[in-house]
Visitor: 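Take a look at the following structure, please.
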Amino acid sequence: MSANPPASPPRTAEQMLREAITDPRELTRYLSYLDRIKSEGMGTSVMVAPLEAAINWARANSLWPLTFGLACCAIEMMAVGASRFDLDRFGAGAFRPTPRQADLMIVAGTVTHKMAPRVMRLYEQIPEPKFVMAMGACTIGGGPYVKHGYHVVKGIDRIVPVDIYVPGCPPRPEALLDALFKLQARIGSDRPLAARWSKRAENELTGSARP
Amino acid sequence: MESTAADIFLQRVLGAIWPGAQTMPAWLGYSVLLLLGAALIIGWMSLLALAWTYGERRIAGLIQVRLGPNRVGPQGILQPLADGIKLLVKEDVVPAVAYRFIYTLAPLIVFVGALLPFIVLPFSERLVISNIELGLYFVLAFEAIEVIGVLMAGWAPGSKWSLYGGMRLAAQMLSYEIPMGLCALVIIILTGSVNLGEIVAWQSRDAWFMEHPWIFGWAIFRSPAALLAFVMFYVGGLAATKRAPFDLPEAESELVAGYHTEYSGMRFAFFFMAEYASMYVICALATILFLGGWHAPIPRPELAADASLMEIWSRLAAAHGAAGTGVAGKFGAFGGSLIALLTDPGALKILLHQTFGVVNLLLKTFLLYFVMIWVRWTLPRLRIDQVMYLCLKVFLPFSVACVVWALIQVVMLG
Amino acid sequence: MSGLSAFLALDGGAPVGLHAYLLVAALLFAFGLTACLARRNAIGILIGIELILNAAILNFMAFWRFGASGDDVSGPMFGIFMIILAACEAAVALAVLLNLYFNFGTVEVDDIAQLRR
Amino acid sequence: MTLLTAPRPDTLRTEELLVNMGPQHPSTHGVLRLVVRTDGEIVREAWPQIGFLHRCFEKVAESVTYAQVTPYCDRMDYLASMNNGLAWCLAVERLGGIEVPERAAYLRVMMAELNRIASHLLAFGTYALDLGAFTPFLYGFRERELILSIFEKISGGRLLYHYPRLGGVARDLTPELAGEIRAFIAQMRRAWPEYNELLSENQIFIKRTANVGVIPAAMAVAYGLTGPCLRGSGVKFDLRRAKPYSLYERFDFDIPVGEGIKGEVGDCWDRYWVRMREIIESLRIIEQALDGLPEGEIQTKVSRTLKLPAGEVYVPCENPRGESGYYLISDGKTSPLRVKARGPSFNNLSITHALVRDVLIADVVAIVGSIDIVLGEVDR
Amino acid sequence: MPETLAAAPWQGANLSFWLIAALVLISGGFAAFTRNIVQAAYSLFFTLVGMAGLYILLGSPFLAITQVIIYVGGILVLLMFGVLLTNRPLERARRGQGRLYVVGAVVAALALAMVLLRIVFTTEWMTGSAAVEPVGGTRPIGRLLLTEYLLPFELAGMLLLLGLIGAAYLVRRRET
Amino acid sequence: MTPQEIHARLTERFGDAIGPWTEPERGDPHIAVAPGSLHAVCAFLRDDPELKFDYLQLISGVDWTDRLSSVYHLMSLSHGHGVVLRVDLERGNPRVASVADLWPTADWHEREAWDLLGIVYEGHPGLRRILLPEDWEGHPLRKDYAAPAAYHGVTNA
Amino acid sequence: MKDYFRNLWAGIVTTWVGMRLTLRYLIKPSVTLRYPEERPVIPAGYRGIHGYDEEKCSVCKSCAAACPVDCITIEQLGRGKDAMVMRFEVDYSRCLFCDLCTIPCPTQCIWLSERYDLAGYTREECRIDFARPKSPEEIAAHEELLRKKEEEKKAKAAAAAAAKAKKEAETKAAAEASAPQAGDAPTRDGAA
């Protein structure tokens, strides 16, 4: 028996792939797919780096969330948009009522089986690039309802790929802001031009394999 | 054909920079001119939209005791730029059930509809793309094109919310157009002209038995009918630009996002820019019609000269243009004529005068712009039948009364 | 190329003349008439009528512009009156149409003819 | 899939549109779905579809101990978590015969009333948002933040407090906090007239809400409406008066009812106005509770593995949205046999179908907003 | 060798004419022949705007703008409103027109077009000199409306009023 | 009126359909009603001027593992008194008359009891699932209910 | 007619009143907390992420038992007083922050702290192990200690058993003059 490492390092896409896919033929196909994404990224990096930086900068600083609240956490989400915390300071305050114009889906609250198809559809309706924030314990893993909640989806990552997880029940508004910063940081390291179409692909590959 | 500013520009100025312009096919010349004008207008529209989305968010922030965007760039001024770039690179989605052609066309028509009034909208006495006689009539007419675009946007994507948005706008438009037109008629009656330049000129003429009336020369101070008409015109303008409390076509809490529910990315940005551009058109038009246009509320030195800036420029450019040979030389000549223009005392005088006018107009326009934002963040939304009630049962009788008053005033006071 | 160019008067010595306008008007009129005859939808018929009216206005304008009388404003005057009439006609037609729709649930004229009570 | 719960197709006429409002719709206050049958701008009928937030509370409650149910109760009506926890604790205490110290009862009342204000402020804000005014929402949230900071200090949570515990409350009130509450009361009294200036008295707001969605008193009772929805129809019924609990009988307060000032009795404006006046009444109660707060214990000893005697009990409490109660059946074990939660929003929402008949789309939003539902307790 | 700008300033106008004529005819044809009534209404928009352009070329900007404000802003919006109200707007299935009808109508229209075109191109029209610019400004129109054309003007006003009343009467809500 | 007085009145009127009075040690007393006469009892309770139970607080289904019950909490806003009715039902075939025609509020409560416990309310205008999706299997609040392993492909473990 | 003008007047006045209010607010200072620079004052007793003091913990697992969602997982080496905490993991994708776990703790080694920020890029980051990471030597040492204690215990038990057996034998011998076999030594309990 050995002591656990304090925090496991984030797994690479390849690792996740290997864990997720059992069929060897499928796996080879996906891995070659991944290689192509990577090589395209490498090949064009010198040329497009400044442009990519600009695009990333714009995306990170203009994350329009979808007006989409499910339960308790939605109230804290509203509080973040309100005067005291003022999400608008970071350019993310323009809550869009329609998924077509949104970039960020803050899934705030318990996702039930009845709601799950709608969440999936909303996610699909958001044009690329799209980001998903799982806010609150219920969204991340079923939360308090994980044991006896027969009607609760035990983790939103079973139905849509998640970019950032914000635990809490509900998380403080500051925690949500922190998560936003972390998301912005992650967007900053994206390769939007090299892998234009690849985000969805990679999500399909590495994230939760959606049924 | 009379020689217009366009002809002068084409024949002399362009010719001065590039003598070949004189011999190029006419259609090419017109196309270049067209593109140039369009680029200017679109540039100005984009600038307005960018600046005022930022402005609106900051003002809303102030009203709501918060800060508004202040992180992206110094004090957040790069926020609209980030939004713009993001929208530009966002995936373009066309719903499967949409009528592709009309779906694609709708934002462009809305955009063009918002763009057209700029053709005749003056910035100052001389600074106007086309000073046609029917300026006011033109602006009012081409506001309608935007409505057709919105109707297309409402129908094409096959979404029910969009459809409701489009139909609401149609109903709304049929009600606000009439009182707005009548309010404009008040000014037409008072001034006896539909030319925007003349309307402004009328507002600097002697009034109230004063020689230099300044602020009292403005239409709203010349006649109580005009004051009332101004208020109604402005409120009607709110409806025309789909701003709160008349934002029914895109009522967020009722119709999701109304007619642009299904639009994303750049197409949505077109609607967005069109909204801010038509806000500018309404505010500038209200300023020109009722608030003295480019005339300042305070007295200013009489700097106006008869010669137009274009004349001087083309004269200078022609003088310098002959000297240049080769590309470098031509650019040199262009620069030279520019410098000469900027140092010419006559031209300087005109420039100063025009700049003063532009600043005046923009200040007043932006004040109205601010009021639009202020109203938006204060009032709840009306219901569609209340909009119709307001326009047809309140504004219509009052605007008719204003017209009658204006007629009486013109007949009695001459 | 030169033939087309000549026809279109692009390299000729004068602006396009009366014939060009009359051509456009005639075709538009024919379109309008077809729509009136072939459409079963009442709104389609209305659209056809609008096309015919526009063709007529264009004729008036063209004859006024290229006709002998060059100093009055009879052409636009006719146009204005026709537009006013068209507006009036459209309003009434639409009212009739909505009435039909409420009563019969359709705006297909054939169906309405059959459904006549 | 989406049409499964939609009305039968044969009840529809073809030229009318069947529109889904929600579950993601800006004005359905969460995940309510309204299937509306529209004819142009007119909504002929609306069927509320619920269950998108069904979190199986009742099943969970059967599986955990009495003490462990309390935090789940907070999540029922997450806007009035204090009141919900209170209702649960009262039910358990009554069946278990547990005495609550007087100081704890006073603290419970104080916090419940503060939470009522917080909830009404949110209702005020979101109602304004429904009607297209954005700023009142933020002003409401500004005052709400003050309450939240008080709650944070006394319970450690911003939204879900878990403050009332079986047999008492979690923590005591410090004198500094009492001062803060008094400061809040003063601030709230300053802000209240501003809300009215901005929204309540605004002519557009009145025109949007007066004479819209009128609920006659008899209909309100028949549909089991409670809280501001019932009182908005002019029925003077408040459980704090009718069946006092947690020493409410000691406090002096008025029960605001709809008077039809701007239109008919029982319209949206009346319901809204009842809420606004309840804010003031709650302030009065809090002041009295602060003044008369007795010294003493805040918690009686309750066994960790509490077993209730077999029996059943139903204790209704007056929540911000109406009668909220837990019907608790015990069979003598450590966890309940059955818990049924009566959420006021569940009943209040059921009137929607009867209320939304031949109104404009904008009115649907106004009506649903005036009922002020929280899906957490509708779906449970 | 194309003419230069300086020598032939009217060339732009000619080009514009043909472009606009093409727009008018194509969209007009579409409005007449498309099977989808909503698309017909939308293409009518382009026809009407194109007609406004032709009026400008013919020297009457006033009529052009009137066309836009009344036809596009009023009639077309009404028409579309009617279309959207009565057309089961989201029902994408379209019913075909009767085939026989279409054939007959197209034949008739073609015949008519031929006759018209023949008349157009064979008749010796009595034309004045095109160089004379007719007056089309606002002022003379306004003056004439209240002098020479006063009677038609008043009649038109009366007609509008009657139309308004009639329309309102037709669509009034009948209390049952 | 106290529940006991109400019980006395009901027994006087309905006889055997009403169960015997039992005063519980703790908590609320209830009146047991035979399923067959529930609707008549409820109608009487609502319409009798002295009782006038105009307000139905809630209907709850209960699974006792050997039987099911439907419990009605009634209250009179005008008289201020309340009563609890309980109808015991067979577990295999739980059927009872709907009271949605007496109190509209019963509509949703009965749909919920059907949804979660499978109690059939006869005469209900539209007894469909309310909280769970229409194609959900089973009635979760029954004591022998086992949650499905997956629903529409979303695993539930 | 009277109503018409009254409505109109009310509309104008109330609109102006509302706009005056928002204009007043335009110049009021904002209430916004400039978050990343200005940190909020988290009051004492805030129910944030757990705090855990391993030194105090007696590994009684009553916190885990009190948790309604079983979000606390404890692994240990040894039992009772000698237990060493190998893993004290809280799963924040389940935790309710209800404070129920801190009540039964006899040593106050677990409490809810003022930390709140936990956002991570993966779901695994939501599980936090509060136990101090142990080096292999430490573990080996502890195992050694356990074994020693076990042996001691065994020896003690054996001695006690022997003594008891002896005593019993004596008493029995005294009674019946025949001694039964001593009982088996207690089996060794492995680390959980």
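The structure presented is a predicted model; accordingly, all values stated were derived computationally and were not measured. Numbers restart at 1 for each chain; the letters A, B, ... are given by sequence-line order, proteins then strands.
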Visitor: With sequence neighbours left out, write down each residue that passes side-chain hydrogen bond (donor to acceptor under 3.5 Å, both in side chains) with D:T135, or none if nothing qualifies.
Guide: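 Testing D:T135 for side-chain hydrogen bond (donor to acceptor under 3.5 Å, both in side chains), a comparison that skips the adjacent residues, returns B:Q64.
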Visitor: Could you go step by step and tell me if B:R381 and D:V365 meet the side-chain contact (heavy atoms from CB on, under 4.5 Å) rule?
Guide: CA-CA 12 Å; B:R381 186 183 303 119; D:V365 174; over 6 Å; no
Visitor: Checking an interface table here. Which of residues 259-276 of chain D come within a heavy-atom distance under 4.5 Å of chain B?
Guide: none
Visitor: How many angstroms lie between CH2 in B:W161 and CD1 in D:I361, if you round to the nearest 0.5 Å?
Guide: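 Answer rounded to 0.5 Å: 6.0 Å.
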Visitor: Select one option (side chain, backbone, both, neither) describing which atoms of B:L379 are under 4.5 Å from chain D's heavy atoms.
Guide: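 Both parts, backbone and side chain.
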Visitor: Compare every heavy atom of D:Y139 with every heavy atom of B:I63, then report the nearest pair and how far apart it is.
Guide: O-OH, 2.6 Å
Visitor: Using a heavy-atom distance cut-off of less than 4.5 Å, which residues of residues 199-214 of chain D contact chain B?
Guide: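 From residues 199-214 of chain D, the residues near chain B are D:L199, D:N202, D:I204, D:F205, D:K207, D:R208, D:V212.
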Visitor: Quick one: side-chain hydrogen bond (donor to acceptor under 3.5 Å, both in side chains) pairs with a partner in residues 384-400 of chain B, sequence neighbours left out?
Guide: B:R383-B:D385
Visitor: Can you tell me if B:R100 has over 12 outside heavy atoms packed within less than 6.0 Å of its CZ?
Guide: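 No, CZ of B:R100 has 12 or fewer neighbouring heavy atoms, counting only those of other groups under 6.0 Å.
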